[in-house]
Amino acid sequence: MAKLKVGVIGGGIVGASVGYNLSLYDFVDVSLFEKDQIGSGTTAKSAGTVCLFDDSLPHEFWEVRLYGFQTYTNMEKEERGSAGFHNTGTLVVCTDEKVEKYTRTGIALAKAAGYEAEYLTDPDEIRKHFPDINLEGVLGAGWTGEDGYFDPTVAANTFVKKMKANGGKVYQYTKVEKINMKGNRVTGLETNNSSFDFDVIVDASGPWTRYVSRMVGLELPIWHTKAEVFFLVPPNKKLDYQFPTLKYPRFYARPEGDNIFICKAHLTMDLTDPMHAGVWDPDALTPTGGTDEYFFEFLMEELEHHAPRLLNSGLAFSWLGYRAEPPDFLPILGDTPVEGYVLAVGCGGNGVIEAPAIGRDIALFVAYGEKSVLLKRLPLSRFEKQFDLKAVGVVQTPQ
Ligand SMILES: Cc1cc2nc3c(=O)[nH]c(=O)nc-3n(C[C@H](O)[C@H](O)[C@H](O)COP(=O)(O)OP(=O)(O)OC[C@H]3O[C@@H](n4cnc5c(N)ncnc54)[C@H](O)[C@@H]3O)c2cc1C
């Protein structure tokens, strides 16, 4: 029997996970196309935090978070370093009752899954994990020592290695330039050096999807938010304690060697504010630099309030990445009005957490047509009434 031929566009953490999961079905012949190197897009700019609890993703998606964490830790167990795990633990600092309730729920969920987690209110206990904290206005903090951050580029390459071992094909430095169609159905694609026939094409092109989807006549409601990262050199060049992964409602931070990686929280971004969001060309991004004074000042104000000693840090370097955000800050997954064109896009600030579950569920859908709870909850059709999804070359503004 002829195999189902599937092409995946994009070799970020999402496309790599989709490709790997598709390669697990022996009747699927999967090929992945990446115009650059695997994991070199948004994935390479990521903080890679996959925490057992924080406020980045609603608890409704707890299974997605847990599956993500377990997938990467299992990768590490199979081969040390293959997911680039840094076990820093996470301190979620609660400055209002809403976040406190949210964190306490996260702690309960993590414990239910067998992990150690606790809610701290004793100032000395909180300071033990983050000695530089200013506790004024702090209600308490959630702590787990079991999680931290991963290296998503390394994890994407591990997915791809496993995909190849299962017979999947990977084309790096191969740009998809055209998607071929017959009527309303995709039939294949053309790259900078060849053409391929496919039954199904999965678009996992991250912030490029605004351009890729136009190849099939769709305008996706996805905006780019600026993810501006600043690497601080702490006072005396080195901290005298292990810096944790640190989550505040408005920003987050984690160690990067002896430096501190610090970034504005993705859920604080306003899609209608041109300083925060727009539709920009991700190919114009540079590996470092390109950041705005606005975001640096914002983060310094946060530090002034929450950890004033760290204001004495120097700035080592910075970078800018684009998060691909739909209006509800949740991914767009599954089928589209174009037959055979499937989406695994719009992962915004949570793509590393979400990639394992997205890969698993998109593969199930492509292979058997079965929609998981995740795919039923996050289809493109949820935006049909609000946006004209036909590509017209006009950028629509979110409401
Ligand atoms: C600063 C920052 C911090 C973040 N922190 C976290 C975090 O702590 N935890 C978390 O879960 N998430 C985090 N994220 C979000 C996460 O990194 C992204 O959601 C995730 O990397 C998106 O992966 P992707 O595979 O969808 O996109 P990408 O990694 O951008 O991959 C898309 C790929 O498609 C390729 N492509 C595009 N067009 C074509 C074409 N025509 N032909 C072939 N290939 C093409 C691109 O080259 C690219 O490699 C962060 C993001 C940023 C920027």
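Numbering of ligands and ligand atoms starts at 1, following listing order.
By the 4.0 Å heavy-atom criterion, Thr174 is counted among the residues contacting ligand 1. Using a non-hydrogen distance threshold of 4.0 Å, Pro152 does not register as a contact of ligand 1.
Here the rule is side chain to side chain donor-acceptor pair (under 3.5 Å) with Tyr294, and of Lys264, Lys226, His276 only His276 fits it.
With a 4.0 Å heavy-atom cut-off, ligand 1 is reached by the side chain of Val229 but not by its N, CA, C or O. Of all the heavy atoms of Trp208, the ones lying under 4.0 Å from any atom of ligand 1 belong exclusively to the side chain. The residue Tyr211 has no part lying near ligand 1, judged by heavy-atom distances below 4.0 Å. Counting heavy atoms under 4.0 Å from ligand 1, residue Ser56 does not touch it at all.
Aromatic ring centres of Tyr248 and Phe251: separated by under 6.0 Å.
The shortest N or O to N or O distance between Arg323 and ligand 1 is not below 3.5 Å. The shortest N or O to N or O distance between Val352 and ligand 1 is under 3.5 Å.
In this structure a side-chain-to-backbone donor-acceptor pair under 3.5 Å is present from Asp96 to Val99.
Shown in contact with Gly348 at under 4.0 Å from a heavy atom are these atoms of ligand 1, numbered in order with element: 15 (C), 16 (C), 18 (C), 19 (O).
Surrounding CZ of Phe27 are more than 12 heavy atoms belonging to other residues, nucleotides or ligands, all under 6.0 Å away.
Aromatic ring pairs are classed by plane angle as parallel below 30°, tilted from 30° to 60° and perpendicular above 60°; the pair Phe230 and Phe296 is tilted.
Checked for salt-bridge contact, Lys3 and Asp29 miss the test: no charged N lies under 4.0 Å from a carboxylate O.
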